[in-house]
Every structure is written in structure tokens, then in C-alpha cells.
Number of protein chains: 2
Amino acid sequence: MPFRRKLDDSATVREPLPGTAHALNVAPETAAALKLWVVLSRAQAAVSAHVSADVARHGLTLTEFGILEALYHRGAMLLGEVQRRILVSSGGITFLVDRLVAKGLVERQACPSDRRARYAALTADGEALLEQIFPAHAAMIERVVGALDQSEQEQVTAMLKRLGHGAAAAEPAPIELTNA
Amino acid sequence: MPFRRKLDDSATVREPLPGTAHALNVAPETAAALKLWVVLSRAQAAVSAHVSADVARHGLTLTEFGILEALYHRGAMLLGEVQRRILVSSGGITFLVDRLVAKGLVERQACPSDRRARYAALTADGEALLEQIFPAHAAMIERVVGALDQSEQEQVTAMLKRLGHGAAAAEPAPIELTNA
DNA sequence: ACAGTATATCTTAGCACTGAGAATACTTGA
DNA sequence: TCAAGTATTCTCAGTGCTAAGATATACTGT
């Protein structure tokens, strides 16, 4: 069910009920910023939809997959490290790891030097699963972002990295995910 | 409570428990695509955190604000139009508009030519609110994306637009939000 | 006219995640 | 040595949204 959105609303003419539209009249630099925000969100959502659908076929959430991927590529990590890397709340990481443990893909391991801390690590099943699905996953992402060629992708990546760091460092209300 | 994250984990040395890290060895074009996806998500999240926090100060969700903004700048719209513009499910738009109606910011209006359809329109209160908060909101976004100068912003916007359209059009599992 | 199909919204159940607080363990300075 | 402060994880209630189905209305071909 590919669902191609129909953009022709030429079907029925429904008087648009004017309802006072306020033309966006702001300085051009403000307009550029606002447009960037909108386009950034839409692009992320569009790619995200594909990635979500892909991992959902294996019964996984995007966030769950993010954890598995992190553990696969970096090995066992403390829950707090995973949390910061995946950008979820402290409650969220507990919940997510619980779920992955229930699925038999991840296990908790005690930290020998700090008894408060716990490691999350892939089980053999988890490793096997990632080994199996990662290549197709990567290929799919490559295809979905294929509207840009590799050098364009690298350009955008570099700029978005600056943008992201700038935003994260910008004055009030940076990413507030932990609660301690 | 600005919460500056401490990135020095030099405090305690906790043996990293190797745990079989799998080096990401893929073709460079695949690596570029994967990195783009990660950076795109992080940048979006970083900006989103600011925008969310900003609208939350007025008791609004990001999505709610999106609806108000759309109605402010384009005038009354059919629920379905708002839905496609804001990218929420059909159930979601009903719920969101209900909430905005309860807050007195939006009202439903019958469509004279199609009795199934309803318009969403700002109330006088809704208009007043947006008139009051929009300028500061726009200024805040301008500041948050300020790591890029205007011409860089325009470049990124153009590329992200292509990326987003490409992704939305890419073969299986495009954005699937309605349920008909 | 009328059946069949498509469209627009609403209803209901449920899920993924957040936020605040709590329990425990580590660290540091007096 | 111990009190105060910090770090790490967990608990639990609440929130914002999605998905699937229901209902009502409109369109289309015969």
C-alpha cells in the first residue's frame, strides 16, 4: 500500500472561508531561519518514516534499534552512556532496556567498579539479529537519502553538524533529558 | 536551570568491558548516508528541544503550535488539510483540535459545500495569542539556527528540501499517516 | 434512482516515552 | 569518620500521539 498522496484538490470547490490569513512578513534572515526549521523537520520525518517502517518489520522501535546499533558498534555500555547517546530520559532507558531484555536481545551486566552502574550488552541472539539485518538496513538508508549524491551528503552533514552543535549550545533550554 | 552536560568521564575509570564491538566497515557511500541520517536526527532534535521549550511556556505542544501557526498564516483550513500539513494521523488531528477548542484558541466551522468536512479556524483569542508570541518565537529560532549564516541556511534548506522530497517519494513505506 | 466506492471526521484502545521522585552507591572535604 | 553532595538506575503516573475501525456523507456509473 504505497499511498501516493493526491495533491490535486481540484475535485470539489469548497469556498476557502478566507478567515484572515496573516502574510508572513518578517525580515528575510528570519524567513530563512523559519524555513530551515520547517524543512529540517520535514526531511527528518520523511527519512524517519522509512527507517521506522524498516525496523518495525523486525518488531523493533526506532529507539530500540538505536540501542542495539550502538551496542553492536561500540560494545557493552553503561546505561547512562546509552542514554546520552540515544537521547532518551533516564526512565526511558530503563524501560527500553527492559523491553530488549524481555526480547532476549540485550542483557544487563554488573559493573565491577561501581555497584550503582550497570552495563547493557548484546546477547548472542542480539548480535545475530544485528548481523543479519544491518546490511539491508544500511542499504535502505542509502537509497532513501539518495536524492543527494555523496559529496552533497557530506556537505549537508557538515553543515547540520554545526547547526546541531550550535543549537545544543544555544542559550536557554538545551536538551533536557536527564533528571538529576 | 541551564544544565550544561559534563562530557568528561575522566572521573572514575571503569573498565570498558570490551564486549565485541563491531567496527562499522561499509562502503564509504554507505557510511556517508548513515552519518547523514544520524546528524539529521540530532540536529532536528536539538532545534526541536528549543522550540518545544519555547512554546511550552505558553502551555502549548509543538504540534498544537504548528496548527495555530498554520491557521494564522493561511486562514481557516479543513481538518484534513491541517492534518497533511502538520503530519499527524487522522485521529490525532481530531484530538489536537479538540484540545485547542477546549483552550478557546480554535473553533470548528461547518463546510457549506460538504457536510462531512469541517473547518478549523482561529478564534479571536487564538489570533491574539499568535500575534503576541510569534515575533519572539521567530527570533528564537533565528538565534538557535544562527550557527549557520543566512546563505548557508539557504543552501542547507535547498538540499534538505530535495532530500525530504526524495525520501517521501522513495519506494516502499513512505509517510503513512491516514488510514483509509 | 441506487449500489458501490471513496472521502472526512470521530472513537476507542493502546503504546512509547517523559518527568518527578526515590533508592542506592560513590566521592569529597572537614 | 562521617555528613553532604553527586551520580546511576529504577518506579510510576501521566501525556501525546498512532492505528484500526466506525460513522456519516459525497461521488460515480449504470
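Keep in mind the model is a prediction, meaning the values are calculated, not measured. We name chains A, B, ... by the order of the sequence lines, and we start the count at 1 in each one.
Applying the 3.5 Å distance criterion, the base of D:dT25 shares a donor-acceptor pair with the side chain of B:Arg116. In terms of polar N and O atoms assigned as donor or acceptor, the side chain of B:Ser90 comes within less than 3.5 Å of the base of C:dC10 in a complementary pairing. Residue side chain A:Thr63 does not reach the base of C:dC17 through any donor-acceptor N/O pair under 3.5 Å, judged by distance alone.
How far CD of B:Glu152 is from OG1 of B:Thr157: 11.5 Å, rounded to the nearest 0.5 Å. Rounded to the nearest 0.5 angstrom, A:Ile93 CD1 and A:Glu81 CD are separated by 11.0 Å. Atom CG in A:Leu100 sits 5.0 Å away from atom CD in A:Glu64 (nearest 0.5 Å).
Between A:Phe65 and A:Phe134, the angle of the ring planes stays under 30°, which puts this pair in the parallel group of the 30/60° scheme.
We find that CZ of B:Phe95 is positioned 14 Å from C1' of C:dC15, with the value rounded to whole Å. Between the CG atom of A:Leu78 and the P atom of C:dT24 there is a distance of 20 Å, rounded to whole Å. One interatomic measurement links the two molecules: CG of A:Asp98 to P of C:dA16, which rounds to 13 Å at whole-angstrom precision. C:dA16 atom P lies 11 Å from atom CG of A:Leu100, rounded to whole Å. Rounded to a whole Å, the CD atom of B:Gln109 is 17 Å from the C1' atom of C:dA8. Atom pair B:Gln83:CD and C:dA8:C1' shows a separation of 9 Å (rounding to whole Å applied). A:Glu81 has its CD atom 8 Å from the P atom of D:dT9, to the nearest Å. Regarding A:Leu60, its CG atom lies at a distance of 11 Å from the P atom of C:dA16, rounded to whole Å.
Within the 4.0 angstrom heavy-atom criterion, only backbone atoms of the sugar-phosphate kind lie near B:Thr61; the bases stay farther away. Base engagement by A:Gly92 is indicated by at least one non-hydrogen atom pair under 4.0 Å involving a base atom.
Remark on DNA chain C: of its neighbouring residues A:Arg115 and A:Leu96, the 5'-side contact belongs to A:Leu96, judged by nearest-heavy-atom nucleotide.
When distances are taken from the side chain of A:Arg108 to each of D:dA26, D:dC10, D:dC17, the shortest belongs to D:dC10. Closest contact between the side chain of B:Arg118 and the listed nucleotides D:dT25, D:dC10, C:dT9 involves C:dT9. Checking D:dT9, D:dT25, D:dA19 against the side-chain heavy atoms of B:Ser89 singles out D:dA19 as nearest.
Between A:Arg99 and C:dC15, a side-chain N or O to OP1/OP2 separation shorter than 4.0 Å is absent.
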Derivation of the salt bridge (charged side-chain N to carboxylate O under 4.0 Å, His left out) call for B:Arg162 and A:Asp149 = CA-CA 11 Å; B:Arg162 273 206 287 137; A:Asp149 66 33; over 6 Å; no
